[in-house]
Amino acid sequence: MKLKKIAASLMCADVLHLEKELRRLEEAECDLLHLDVMDGIFVDNMAMYPEMLENIRSQTSIPFDIHLATITPEKYVDMFSFLKPEYLSFHIETVKDPVALIEKIKKQGIKPSIAINPETPLEMILPYIHYVNMVLVMTVHTGFSGQAFLKATLGKIEDLYNTLSIMEKPPLIEVDGNINIETIQLMRKSMPDVFVLGTSALFYNQDSTNYTQRINDIRQSITTMR
């Protein structure tokens, strides 16, 4: 059984007190920092530029999980590779030659990941799943926090889970978008490997900062469903 990972979506954290937020996430033994890079073109929002992530990198040893919600991701690979993230996700919807981009990421010593939007058919990524270390399935529309979980994505997650289950070395499945104890329950038959926690499960009510308890509650809910 693969060890499940928790990724904290830093876009949802208190950006005015990031240093404190990072300390709390370290204390909670968060596995990854999920960092959304948005260009205002692929999605109607902008977020997280290289200097900001460089500052975050200088303050924590938590591995980076960078999600490029951008067009021309090739350009952004060059822009962010110096941060040496553990994972770097690009959207299949934005790439003409996914294999070339995957190789470009690998040459930087980074694990490549393919991201797929809720409305995009799973078939678009299937030719490339043997080349990547992770598949990021968006369970909300990319771009903004606070959206409702799209139950229509459950079928996609299940189909992906079944497809990967017959592979000798399958990539991880990561899910992002209103992930909490209730929505994780919906995925119990096709349990993903990496759960991106944002406002609904981790960063709600930021005056109460017991992230350790919140993450432990999520871990416990996953364990009891195995």
Asks: Sort and list the pairs that fulfil ring-ring contact (aromatic ring centres under 6.0 Å, His included) and have at least one residue in residues 141-200, not counting sequence neighbours.
Replies: none

Asks: What pairs meet the salt bridge (charged side-chain N to carboxylate O under 4.0 Å, His left out) rule with one or both residues in residues 30-40, with sequence neighbours excluded?
Replies: Asp31-Arg219

Asks: List for me each residue that meets salt bridge (Lys or Arg N to Asp or Glu O under 4.0 Å) alongside Lys104, sequence neighbours excluded, and say none if there are none.
Replies: Asp78

Asks: Once side chain to side chain donor-acceptor pair (under 3.5 Å) is applied, do any residues pair with Glu93, and if so which ones, sequence neighbours excluded?
Replies: His91, Thr120

Asks: Please give me the minimum heavy-atom distance between Leu101 and Phe90, naming the atom from each residue.
Replies: CD2-CG, 3.5 Å

Asks: Tell me whether Lys84 at atom NZ has more than 12 heavy atoms from other residues, nucleotides or ligands lying less than 6.0 Å away.
Replies: yes

Asks: Taking side chain to side chain donor-acceptor pair (under 3.5 Å) as the cut-off, I'd like each qualifying pair that reaches into residues 130-139, sequence neighbours left out, listed once.
Replies: none

Asks: With sequence neighbours left out, what residues match Asp44 under side chain to side chain donor-acceptor pair (under 3.5 Å)?
Replies: none

Asks: Only counting residues at least two apart or in another chain, list the ones meeting side chain to side chain donor-acceptor pair (under 3.5 Å) with Asn162.
Replies: none

Asks: When you look at Val194 and Ile6, which way does the side-chain contact (heavy atoms from CB on, under 4.5 Å) test go after all the steps?
Replies: CA-CA 6 Å; Val194 184; Ile6 300 298; over 6 Å; no

Asks: Do Gln213 and Asp217 have side-chain atoms, one donor and one acceptor, less than 3.5 Å apart?
Replies: yes

Asks: Are Phe203 and Tyr211 near enough that their ring centres are under 6.0 Å apart?
Replies: yes

Asks: For Glu86, what residues pass the salt bridge (Lys or Arg N to Asp or Glu O under 4.0 Å) criterion, not counting sequence neighbours?
Replies: Lys5, Lys111

Asks: List in chain and number order the residues that pass salt bridge (Lys or Arg N to Asp or Glu O under 4.0 Å) with Arg188, two or more places apart in sequence or in another chain; answer none if no residue qualifies.
Replies: none

Asks: Determine, for Glu54 against Arg57, whether the closest basic-nitrogen to carboxylate-oxygen distance falls under 4.0 angstrom.
Replies: no

Asks: Write out all pairs satisfying salt bridge (charged side-chain N to carboxylate O under 4.0 Å, His left out) with one or both partners inside residues 163-187, taking only residues at least two apart or from two chains.
Replies: none

Asks: Return the set of residues passing side chain to side chain donor-acceptor pair (under 3.5 Å) with Ser9 (not counting sequence neighbours), or none when no residue passes.
Replies: none

Asks: What about Phe82 and Ile56, same hydrophobic cluster or not, with Ile/Leu/Val/Met/Phe/Trp/Tyr joined at side-chain heavy-atom distances under 4.5 Å?
Replies: yes

Asks: Is there a donor in the side chain of Asn216 and an acceptor in the side chain of Gln220, or the other way round, less than 3.5 Å apart?
Replies: no

Asks: Glu158: what forms a salt bridge (Lys or Arg N to Asp or Glu O under 4.0 Å) with it, not counting sequence neighbours?
Replies: none

